[in-house]
Amino acid sequence: MASITGTSMSLLSNQSMVACARISGPRSVSLSIKGRNFPSITSQPRGRRFQVVCAAKPETVQKVCDIVKKQLALPEGSDVTGESKFSTLGADSLDTVEIVMGLEEEFGISVEEESAQSITTVQEAADMIDNLLKTKA
């Protein structure tokens with residue numbers, strides 16, 4: 001069953017899983033299955049396409065920001081956020097490899113080369129780290 005009201009939509013399942021999804025506006029989705037809530041998913045526009053992003057923990061994003069600042073030797077007070085692109089901060093491909101190595105060391109993870117090459121922002125790095133830590137646990 002689905003219902004749409006303005007920019008909000010709810011999907012309910014009549015199956016035994018008892019799933020419920022709530023879409024609030026065009027950019028946010030929440031999911032609940034058997035009373036268990038899962039993190040909200042937001043989409044970020046990329047040109048004419050949308051990418052679904054699961055937000056990492058704020059402390060993970062902050063640690064990644066700190067590591068990026070250290071690896072790129074950015075001046076004190078430099079503004080690095082989840083949306084910061086490594087290239088915009090002045091990182092080249094070697095810098096990006098060093099950032100990934102710093103992240104691996106800090107979080108005790110191992111990043112596949114293909115995944116490392118696809119990381120372009122602090123948020124993408126933080127999301128990947130949280131996903132790796134979840135599968136590691």
Side-chain angles (χ1 to χ4, degrees):
M1 178 175 103
S3 63
I4 300 175
T5 309
T7 60
S8 180
M9 178 173 79
S10 296
L11 304 171
L12 300 173
S13 172
N14 291 332
Q15 307 300 321
S16 60
M17 281 187 61
V18 188
C20 175
R22 177 166 300 282
I23 302 171
S24 303
R27 297 189 62 174
S28 179
V29 177
S30 299
L31 177 65
S32 173
I33 298 177
K34 291 187 177 179
R36 182 173 178 207
N37 293 322
F38 294 89
S40 293
I41 299 172
T42 57
S43 63
Q44 295 179 341
R46 292 208 166 193
R48 294 179 172 213
R49 304 171 110 186
F50 283 90
Q51 176 185 12
V52 175
V53 177
C54 296
K57 296 176 191 171
E59 56 269 16
T60 303
V61 175
Q62 186 56 52
K63 277 187 179 181
V64 173
C65 288
D66 294 342
I67 290 168
V68 168
K69 286 179 186 179
K70 179 181 173 187
Q71 292 293 336
L72 298 178
L74 296 175
E76 191 67 34
S78 295
D79 187 32
V80 178
T81 66
E83 291 78 31
S84 298
K85 292 186 177 190
F86 296 151
S87 59
T88 304
L89 297 171
D92 59 19
S93 59
L94 181 57
D95 291 323
T96 303
V97 169
E98 290 176 353
I99 289 168
V100 171
M101 289 172 57
L103 297 173
E104 288 177 325
E105 185 177 322
E106 175 69 26
F107 291 96
I109 57 172
S110 179
V111 179
E112 297 289 328
E113 187 176 338
E114 292 172 6
S115 297
Q117 291 175 353
S118 68
I119 300 169
T120 60
T121 68
V122 170
Q123 185 67 52
E124 288 173 359
D127 291 342
M128 178 203 58
I129 290 165
D130 272 2
N131 288 336
L132 287 172
L133 290 174
K134 284 178 190 173
T135 58
K136 187 178 176 182

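Heavy-atom basis, side chains included; hydrogens, waters and symmetry copies ignored.
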Once you round to the nearest 0.5 Å, how far does [atom1] of [X] lie from [atom2] of [Y]?
X	Y	atom1	atom2	value
Glu98	Ser93	CD	OG	10.0 Å
Ser110	Lys136	OG	NZ	9.5 Å
Lys85	Gln123	NZ	CD	13.5 Å

Legend entry - Test item: Asp95 side-chain N/O and Asp92 main-chain N/O as donor-acceptor pair under 3.5 Å: yes
Legend entry - Residues clustered with Ile119, ILVMFWY side-chain links under 4.5 angstrom: Val61, Val64, Ile67, Val68, Leu72, Leu74, Val80, Phe86, Leu89, Ile99, Val100, Leu103, Phe107, Ile109, Val111, Val122, Met128, Ile129, Leu132, Leu133
Legend entry - Single hit among Gln62, Lys69, Lys63 for side-chain hydrogen bond (donor to acceptor under 3.5 Å, both in side chains) with Asp66: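 Only one option passes, and that is Gln62.
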Inset, instruction - Could you tell me whether Glu114 atom CD has more than 12 heavy atoms of other residues or ligands within 6.0 Å of it? - result: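 It does not: Glu114 CD has 12 such atoms or fewer within range.
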